[in-house]
Amino acid sequence: MSSEDAEEPLISRHPSPLAEHHPDDDNDDGQATTAAYEDGPPSSPTLFIYLLTLSAGISGLLFGYDTGVISSTLVSLGTSLSARELTALDKSIITSSTSLFALLVSPFSSVLADRLGRKRVILAADVLFAVGALAQAGSGTVWEMVLGRSVVGLAVGGASFVVPLYIAELAPAGFRGRLVTMNVIFITLGQVVAYVVGWALGEFGDGEGTAWRWMVGLGALPAVVQAVVMVVMPETPRWLVMVGRVGEARRVVEKVLGGKGEGREVDATIKGIEIEVKEEAEGRRLRGVRRGGRRAGWMDSADELFGVRRNRRALAIACLLQGLQQLCGFNSLMYFSATIFTMLGFPIPTLTSLVVAVTNFAFTLAALFLIDRVGRRRILLWSIPFMVVGLLLAAYGFSFIRLASTDSTKDNNTSPTQGAAVTILVSIMVYVAGYAVGLGNVPWMQSELFALNVRSLGSGIATATNWGANFVIGLTFLLLMDALTPSWTFVLYAVICTAGYGLIWRLYPETAGLSLEEAASLLEDSNWGVR
Ligand SMILES: O[C@H]1[C@H](O)[C@@H](O)[C@H](O)[C@@H](O)[C@H]1O
């Protein structure tokens, strides 16, 4: 869900200071600064912006639906696939194939978005979402299911990169942060919808073992709706300027400004975009000249990312946050909560597991209001302790229960006590709430850490870290539950959260309320700007 410019202001009502900006004002990396866009009071987004966000947000909804639906699907599959019970490894591969393919496609997303435009990539993702959903619905073997999940992974990987880019390139500067958080809200809402559908179809479905086909197949529906809406939506002005279609870019800017855009304001905005696009090209050319006339490629970006101290630090922080967002174990619950609550003996596990998705959604909404006020660093340092407490309490609860194997082919007699099961449920809610207000959101604000000339590569690597860690968690959770016991698995996640807390405390400076330049210069400090 990151993007090279996810925080890059392009449609601003106050772009004029950049009109005076000259490439020579750039720092020695040829890097243009964009703080000038941050000035001025934020104006309210127009209806058009809301509509754009909504239409693009359906991708978030799909992302959430496809990652959330696996929880109920796994407990409904029975012997439908390959005519046998699923092993823990089958379930792990079915689940994690989506993140693996999202990881594989992520390096290509930015290239495709620049070549084809943001809109076409979103449309292509819709086609893949629909094809993947139908392929899953029609699957008869474990490997056919894995194939369908992998196709959906390609869609999730592409959409999660391009949609925030699309939103950011159309959003007024003062609202960018909130609109990027909106995308996470759509994701978590999609997960709630998936859980509700999973529960409803499991409970009231035809009972002939086909409910899961509807669960996964329904993912095709929003994809079709979005494709239809996107056809009439515009490209972003920034991409249009990049490919020389300035006239069209003007018309989009006029629409974004809601008809209020006087010619002068539209002119200034287009001029600002043109200057920025030119500066980027100039920066690339200069870096090429410095390197003996070669055109600067991603290797040069890599040189700058790893060679310049503050860029290296930005990357370290972005990867730390993204890695921690996944390695803290949250998605183990998102993917396997119905499996866990089945083992705990809850009568309707898909209904019980709804608390995970609903708590996540509700506290993500709270984060929307809190993040800019409290600050990124502070919200993380306040929320992670709740996660640790929740995990340790859950581990304690699990220690009273002799749990069955997560492997459906083995003997599955559990002996849960009601008190322990309720303790686990409550502690999971505390953990999920802590996750949603902090780690679930803050890592996606990654692009504000990076200087413009390394933002694309830096955000790409951080996003790949997210998918890589997500894959590891999806693949290993059930196997760890069996190998280590549930208690020790949850203790392991608590240890990871604690270590992450220490690293954030030591390395992640507060960037809320700072301009991009001030945030970047903090990272030059020998204390990483945290003191
Ligand atoms: O920010 C999102 C959100 O927290 C989702 O609930 C989670 O499933 C994703 O992995 C994460 O990236």
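Computed from a predicted structure; not experimentally measured. Each ligand, and each atom within it, is numbered from 1 in the order the structure gives.
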Say whether [X], considering both its backbone and side-chain N or O atoms, lies within less than 3.5 Å of an N or O atom on ligand 1.
| X | result |
| --- | --- |
| Gln325 | yes |
| Phe330 | no |
| Gln326 | yes |

Donor-acceptor pair, distance only, cut-off 3.5 Å: does the side chain of [X] make one with the backbone of [Y]?
| X | Y | result |
| --- | --- | --- |
| Ser99 | Ser96 | yes |
| Glu169 | Arg238 | no |
| Tyr195 | Met334 | yes |

Flag side-chain contact, heavy atom, 4.5 Å: [X] against [Y]:
| X | Y | value |
| --- | --- | --- |
| Val432 | Phe363 | no |
| Asn470 | Tyr335 | yes |
| Phe471 | Thr98 | no |

Close-contact set for ligand 1 against [X] heavy atoms, below 4.0 Å:
| X | result |
| --- | --- |
| Gly440 | 1 (O), 2 (C), 4 (O) |
| Thr188 | 6 (O) |
| Val184 | 1 (O) |

Under 4.0 Å between a Lys/Arg side-chain N and an Asp/Glu carboxylate O for Glu448 and Arg376? yes
Thr67, portion touching ligand 1 at heavy-atom distance under 4.0 Å: neither
Is the shortest distance from a heavy atom of Asn360 to ligand 1 less than 4.0 Å? yes
Given Tyr435, Trp467, Phe361, Tyr335, identify the one with the heavy atom nearest to atom 3 (C) of ligand 1. Tyr435
